[in-house]
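Beneath this line is the structure, given in structure tokens, with notes to follow.
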Amino acid sequence: MTAARLARRACLAALAATAGCAPRPPAPVPPAPPTLAAAYRGAFLVGAALNEGQFSGRDSAGAALVAAQFNSVTPENVLKWESVHPRPGVYDFDAADRYVAFGERHRMFVVGHALVWHGQTPRWVFQDSAGNPVSRDTLIARMRDHIHAVVGRYRGRVNGWDVVNEAVADDGTLRRSPWQAVIGDDFIALAFRFAHEADPAAQLYYNDYSLENPAKRAGAVALLQRLLAAGVPVAGVGLQDHDRLDWPTAAAEDSTIAAFAALGLRVMITELDVDVLPRAVPQTGADVGLSAAARPELDPYASGLPDSVQQALARRYAELFGVFLRHRGQVARVTFWGVTDRDSWRNNWPVRGRTNYPLLFDRAGRPKPAFDAVIAAADALRTGS
Ligand code: G3I
């Protein structure tokens with residue numbers, strides 16, 4: 001309140017006192033609406049994956065919601081190989097520059113996603129001009145050039161990188177990706193070393209889905225143990241957590257976080273969402289290669305989510321955040337894969353064109369009961385439970 005108004009109020013109060021009538025108490029200032037970042041301050045960062053609309057001015061409501069609720073951002077697509085390096089020798093950093101600038105403008109922990117992945121990587125990367133597979137040395141050089149160009153451009157501005165994404169298969173062995181086929185198993189260590197060369201201060205992560213499944217978890221733990229034993233600069237592991245109402249169990253999530261924390265790695269929940277629709281494929285997780293045909297019974301909530309499911313989603317998120325809170329100090333960040341239900345990739349995977357409700361904000365950007373449940377779960381922080 002300005003000095004002038006204070007003076008005027010004091011004068012009015014003095015006047016009222018002489019006139020014998022009590023000054024009206026100041027109107028109560030409504031409490032600031034709760035935010036995810038504030039509720040979990042001191043425990044872990046809370047972030048969101050952004051699509052281009054949110055940091056390019058097209059979706060100003062989405063941008064405002066992000067700035068208000070989160071303290072970390074991840075690019076859903078614009079830092080992937082096909083976006084920044086579509087053709088040999090051709091880089092396009094336009095959208096990525098705007099993403100990083102948005103993160104800086106809002107004082108966010110800025111994540112880069114993803115440098116080396118089998119998805120959204122153009123075919124030319126693995127082939128020569130005649131379409132034949134390139135040699136090991138050629139692909140290593142292409143990987144090194146790409147990582148130095150991308151990580152180097154945002155040196156000191158991107159705080160952490162998903163260096164290698166989804167390199168472990170569901171049975172725990174290394175995925176037979178073009179990277180593994182052409183270079184060999186050491187493509188992973190090479191990627192981390194190149195990223196560290198390009199920005200020694202950036203945190204470097206291994207990121208994957210369904211690590212809550214025992215065979216895949218064991219394979220990833222063994223991989224990370226080998227990398228750490230070889231002095232490869234891995235700072236953390238990202239559990240994507242593309243979850244369901246009934247998968248993974250709280251116990252599986254608990255033991256998965258514990259297993260990676262025991263390696264001395266910081267653990268992040270990097271792509272959190274909870275699918276509320278009927279299963280369309282038997283697999284859990286997020287294998288982008290999977291798809292299924294649309295059937296009416298697979299899209300039961302196109303005209304709205306029943307309150308019973310809304311409440312089940314709220315209980316599910318409270319359960320998950322209860323686990324994350326029990327591991328505060330090991331879990332450094334929890335990032336949602338999208339901002340509102342409208343933005344979510346889950347509307348188009350594994351069946352295109354469904355109406356899903358996997359996040360905390362509805363299609364109009366309004367907080368859902370699940371949001372209230374996540375905010376309430378943070379009370380444990382203050383009660384020390
Ligand atoms: O950019 C083209 C656009 O030019 C074209 O008009 C449009 C037509 O469909 O497609 C656009 O490309 C889409 C791209 O997202 C950018 O929006 C692709 O079709 C679409 O397949 C792609 O989906 C992304 C998916 O990764 C691809 O693998 C999702 O948005 C993104 O959420 C998802 O994210 C992955 C993580 O990176 C890794 N973990 C799993 C997660 C979910 O699959």
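Basis for what follows: all heavy atoms, side chains included, without hydrogens, waters or symmetry-related copies. One-based numbering, in listed order, for ligands and for the atoms of each.
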Under 4.0 Å from atom 9 (O) of ligand 1, is there any protein heavy atom?
no
If the cut-off is 4.0 Å to any non-hydrogen atom of Val288, which atoms of ligand 1 fall inside it?
28 (O), 43 (O)
Using ring pair (Phe, Tyr, Trp, His ring centres under 6.0 Å), reason through Trp247 and His242 one step at a time and then give a plain yes or no.
CA-CA 9 Å; Trp247 180 90; His242 290 292; 9.8 Å; no
Which Ile, Leu, Val, Met, Phe, Trp or Tyr residues join Trp117 in one cluster when any pair of side-chain heavy atoms under 4.5 Å counts as a link?
Val288
Sub-4.0 Å protein heavy atom next to atom 5 (C) of ligand 1:
no
Atoms of ligand 1 close to Trp345 [distance to a heavy atom under 4.0 angstrom, numbered from 1]
32 (O), 42 (C), 43 (O)
Evaluating non-hydrogen atoms only, which member of His113, Glu166, Arg352 is closest to atom 36 (C) of ligand 1?
His113
Does ligand 1 have an atom that lies less than 4.0 angstrom from a heavy atom of Trp337?
yes
Close-contact set for ligand 1 against His242 heavy atoms, below 4.0 Å
40 (C), 41 (C)
Can you label the angle between the Tyr154 ring and the Phe93 ring as parallel, tilted or perpendicular, going by 30° and 60°?
perpendicular
Lys368 NZ/CZ over Tyr317 ring centroid, <6.0 Å and within 45° of normal
no
To check your reading of the model: name the closest protein heavy atom to atom 12 (O) of ligand 1, its residue, and the distance in Å.
Glu82 OE2, 5.0 Å
Carefully, step by step, assess Arg217 and Thr256 under the rule side-chain hydrogen bond (donor to acceptor under 3.5 Å, both in side chains).
CA-CA 7 Å; Arg217 181 174 62 227; Thr256 302; 2.8 Å; yes
Part of Asn165 with heavy atoms under 4.0 Å of ligand 1, whether side chain, backbone, both or neither
side chain
If the cut-off is 4.0 Å to any non-hydrogen atom of Glu271, which atoms of ligand 1 fall inside it?
36 (C), 38 (C), 39 (N), 40 (C), 41 (C)
Counting non-hydrogen protein atoms only, what is the nearest one to atom 30 (O) of ligand 1? Give residue, atom name and distance.
Asn77 ND2, 2.9 Å
Hey, are Tyr301 and Asp299 close enough side-chain-wise for a donor-acceptor pair under 3.5 Å?
no
Using heavy-atom distances, let me know which of Lys80, Gln120, Gln240 sits nearest atom 35 (C) of ligand 1.
Lys80
With under 30° as parallel and over 60° as perpendicular, where do the rings of Phe321 and Tyr40 fit, or are they tilted in between?
tilted
Using protein heavy atoms only, decide if any is under 4.0 Å from atom 21 (O) of ligand 1.
no
Does the protein come close to atom 15 (O) of ligand 1 - that is, does one of its heavy atoms sit below 4.0 Å from that atom?
yes
Enter the distance from Asn51:CG to Gln54:CD here, rounded to the nearest 0.5 Å.
3.5 Å
Give a yes or no on whether atom 26 (O) of ligand 1 lies under 4.0 Å from any heavy atom of the protein.
yes
Scanning both residues in full, the closest heavy-atom pair of His106 with Ala67 reads ND1-CB, 3.5 Å
Return a yes/no value: protein heavy atom under 4.0 Å from atom 40 (C) of ligand 1?
yes
Heavy-atom contacts with Trp117 under 4.0 Å: which atoms of ligand 1 show up? List them by number with element.
28 (O), 37 (O), 38 (C)
Less than 4.0 Å from atom 18 (C) of ligand 1, is there any heavy atom belonging to the protein?
no
If you measure from the Lys or Arg side-chain nitrogens to the Asp or Glu carboxylate oxygens, is any gap between Asp341 and Arg346 under 4.0 Å?
no
Apart from Trp337 itself, what residues make up its hydrophobic cluster when side-chain heavy atoms of I, L, V, M, F, W and Y under 4.5 Å apart count as a link, directly or indirectly?
Val281, Leu290, Trp345, Trp349
Return yes when at least one protein heavy atom is under 4.0 Å from atom 32 (O) of ligand 1, and no when none is.
yes
Measure up the Phe361 and Phe371 rings against each other and bin them: parallel (under 30°), tilted (30 to 60°), perpendicular (over 60°).
tilted
